[in-house]
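All remarks here apply to the structure that follows.
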Amino acid sequence: MTTALITGATAGIGAEFARQFAAQGHDLVLVARDASRLAEAAAALQHEFGVRVEALPADLLDPEGLDSVAARLLERRRPIDLLVNNAGYGIRGELHENTVEQEKRHLDIHVSVPLRLTQAALGGMLDRGSGRIVLISSVAAFTPRGTYAAAKAWGVTFARGANLAYRDRGVSVTAVCPGFVRTEFHERMEVSTAGIPVFLWLDAPRVVRLAIRGIERGRSVVIPTLRYRVIAGLARVLPDRVAAAGGFRSRGGD
Ligand SMILES: NC(=O)c1ccc[n+]([C@@H]2O[C@H](COP(=O)([O-])OP(=O)(O)OC[C@H]3O[C@@H](n4cnc5c(N)ncnc54)[C@H](OP(=O)(O)O)[C@@H]3O)[C@@H](O)[C@H]2O)c1
């Protein structure tokens, strides 16, 4: 029996990872801030799939919350075999418009938090010679689009290096780079999605199905769907001005 720990597991992409891993028979540890929503999600998955689901309420931007999740990952007697660093949000506005604190918290949720949790999970996984670590990045990582894109690019570069370093020792590290996915992301960010063409929207179940296929193959980077692989490829070769504008018109969005 294997156990997966998923951050941001009550909504959107994280909730879908929880559902698909439960359907595969994995036990789960679910992390999010809203404790009652988390308890409800855990009970529902346990009831539907008959797996063990542990709710671990924590704010990953609070040092004590982050410590508690890292401590769970370090527990050798109840090993975590799969870690999905998914919790995250977008930041509105440009750097010069935001406060230092807003930008720092945003950078932390996408960089410092997954770095800390990955390091906590890694030791036990290497000792056991098996494990999978996932970072939910974004196709924005390939575009010159503000501090969100820059923070997401960290996940891609990190996964490429870490997968190279650890895959031969049984631990794969994968960055998943979705395009626009229908979740609570844009609503929480309070941005309009009106300018996003319909054909660019993806559903979380499909994104996660494709992500899991790449994760199981030990890929370092997975860009779900052909259309977004083409977009990511073009963004890397087109001039920055064109890459920043094309198809990415929700201000500050993916
Ligand atoms: N949706 C997209 O278009 C899209 C595209 C590419 C990449 N992504 C990335 O995918 C990931 C998941 O996004 P989503 O679209 O699924 O978002 P979502 O629907 O808004 O879900 C976010 C989840 O993260 C949790 N969370 C947020 N802040 C947290 C914190 N400080 N500590 C612990 N948990 C926290 C939320 O629960 P609580 O509020 O209860 O904590 C919720 O479970 C993010 O990293 C995002 O950048 C999204």
Side-chain angles (χ1 to χ4, degrees), residues 5-20 28-42 55-70 72 84-92 102 104-114 116-117 134-143 145-156 159 175-191 193 196 200-208 210-211 221-225 228 231-232 247-254:
L5 186 148
I6 302 159
T7 68
T10 48
I13 295 170
E16 191 54 38
F17 264 104
R19 198 176 167 74
Q20 293 194 25
L28 300 173
V29 181
L30 307 183
V31 177
R33 290 168 300 185
D34 182 335
S36 58
R37 191 176 181 188
L38 192 60
E40 255 176 56
L56 178 48
D59 181 349
L60 294 166
L61 289 173
D62 168 66
E64 275 178 31
L66 182 58
D67 283 349
S68 71
V69 180
R72 179 64 188 84
V84 183
N85 289 293
N86 164 78
Y89 59 88
I91 190 164
R92 285 173 58 183
Q102 281 173 320
K104 189 181 175 310
R105 286 170 66 80
H106 171 257
L107 186 68
D108 282 346
I109 198 78
H110 294 298
V111 177
S112 315
V113 167
R116 169 85 192 281
L117 299 184
V134 181
L135 296 103
I136 305 303
S137 174
S138 167
V139 82
F142 306 105
T143 69
R145 289 276 306 176
T147 54
Y148 179 77
K152 288 302 199 187
W154 177 85
V156 172
V176 177
C177 304
F180 291 112
V181 189
R182 287 188 190 85
T183 67
E184 296 172 14
F185 181 92
H186 295 92
E187 189 186 317
R188 286 178 192 245
M189 212 177 145
E190 297 179 347
V191 288
T193 55
I196 302 169
L200 285 179
W201 283 105
L202 300 173
D203 288 330
R206 179 157 181 230
V207 167
V208 171
L210 294 169
V221 180
V222 176
I223 304 172
T225 73
Y228 274 108
I231 288 171
F248 298 97
R249 263 173 291 150
S250 98
R251 192 163 170 259
D254 281 270

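As the structure lists them, so they are numbered: ligands from 1, and atoms in each ligand from 1. As the structure is a prediction and not an experimental result, all values here were calculated from the model. Numbering starts at 1 and runs along the sequence shown.
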Exercise. Quick one: does Arg182 get within less than 4.0 Å of ligand 1, heavy atoms only?
Worked result: no
For this session: Ignoring hydrogens, just give me the one of Tyr148, Tyr228, Tyr89 whose non-hydrogen atom is nearest atom 8 (N) of ligand 1.
Result: Tyr148
Exercise. Which of the atoms of ligand 1 are close to Asp34, meaning less than 4.0 Å from one of its heavy atoms?
Worked result: 40 (O)
Exercise. Should Lys152 be listed as contacting ligand 1, given a heavy-atom distance under 4.0 Å as the test?
Worked result: yes
Problem set entry | Sole residue of Ile13, Val221, Leu210, Ile136 in side chain to side chain contact (heavy atoms under 4.5 Å, CB included) with Val176 | Ile136
Exercise. Is ligand 1 under 4.0 Å from a heavy atom in the side chain of Ser137, in the backbone, in both, or in neither?
Worked result: backbone
Problem set entry | Per-atom contacts of ligand 1 with Phe180, taking only distances under 4.0 Å to non-hydrogen atoms | 3 (O)
Exercise. Would you say Leu60 has any N or O atom under 3.5 Å from an N or O of ligand 1, going by distance alone?
Worked result: yes
For this session: Check step by step if side-chain contact (heavy atoms from CB on, under 4.5 Å) holds for Leu60 and Leu117.
Result: CA-CA 10 Å; Leu60 294 166; Leu117 299 184; 4.2 Å; yes
Exercise. Which of the numbered atoms in ligand 1 are below 4.0 angstrom from a heavy atom of Ala58?
Worked result: 32 (N), 33 (C)
Exercise. Looking only at heavy atoms, which two atoms of Phe142 and Ile223 are closest? And how far apart?
Worked result: CE1-CD1, 3.7 Å
Exercise. Does Val181 reach ligand 1 with a nitrogen or oxygen that is under 3.5 Å from one of the ligand's nitrogen or oxygen atoms?
Worked result: yes
Problem set entry | Intermediate values then yes/no, side-chain contact (heavy atoms from CB on, under 4.5 Å), Leu200 and Ile231 | CA-CA 10 Å; Leu200 285 179; Ile231 288 171; 3.5 Å; yes
Problem set entry | Side-chain heavy atoms of Phe180 within contact of Tyr228, under 4.5 Å | yes
For this session: Check each of Thr183, Leu200, Leu61 against atom 14 (P) of ligand 1 and report the one with the nearest heavy atom.
Result: Thr183
For this session: With the side chain counted from C-beta on, respond yes when Glu16 and Val207 share a heavy-atom pair under 4.5 Å apart, and no when they do not.
Result: no
For this session: Tell me, please: is Asn86 in heavy-atom contact with ligand 1, that is, under 4.0 Å?
Result: yes
Seminar exercise, completed: Scanning both residues in full, the closest heavy-atom pair of Ala149 with Thr143 reads CB-O, 3.4 Å
For this session: Could you give me the CA-CA distance, side-chain angles and deciding distance for Leu135 and Trp154, then say whether side-chain contact (heavy atoms from CB on, under 4.5 Å) is met?
Result: CA-CA 10 Å; Leu135 296 103; Trp154 177 85; 3.8 Å; yes
For this session: Check the angle between the aromatic planes of His110 and Tyr89 and answer parallel, tilted or perpendicular using the 30° and 60° thresholds.
Result: tilted
Problem set entry | Sub-4.0 Å atoms of ligand 1 with respect to non-hydrogen atoms of His186 | 3 (O)
Problem set entry | Arg37 heavy atom under 4.0 Å from ligand 1 | no
Seminar exercise, completed: The option among Gly88, Ala15, Ala9, Gly12 carrying the non-hydrogen atom nearest to atom 22 (C) of ligand 1 is Gly88
For this session: May I have the step-by-step check of side-chain contact (heavy atoms from CB on, under 4.5 Å) for Val69 and Leu56, ending in yes or no?
Result: CA-CA 8 Å; Val69 180; Leu56 178 48; 4.2 Å; yes
For this session: With heavy atoms only and a cut-off of under 4.0 Å, state how Phe185 meets ligand 1: side chain, backbone, both or neither.
Result: both
Seminar exercise, completed: Closest to atom 16 (O) of ligand 1 by heavy-atom distance, out of Ile13, Thr10, Thr193, Val139, is Ile13
Exercise. Closest approach of Met189 and Ile91, non-hydrogen atoms and distance?
Worked result: CE-O, 3.6 Å
Exercise. Where do Asn85 and Pro114 come nearest, in terms of heavy atoms and distance?
Worked result: OD1-CA, 3.5 Å
Exercise. What do we get for His110 next to ligand 1 when only non-hydrogen atoms under 4.0 Å count, side chain, backbone, both or neither?
Worked result: side chain
Problem set entry | Glu184 contact mode with ligand 1 (heavy-atom cut-off under 4.0 Å) | both
Exercise. Has Ile136 got any heavy atom lying under 4.0 angstrom from an atom of ligand 1?
Worked result: yes
Problem set entry | ligand 1 to Ser138 polar contact by distance, N or O atoms, under 3.5 Å | no
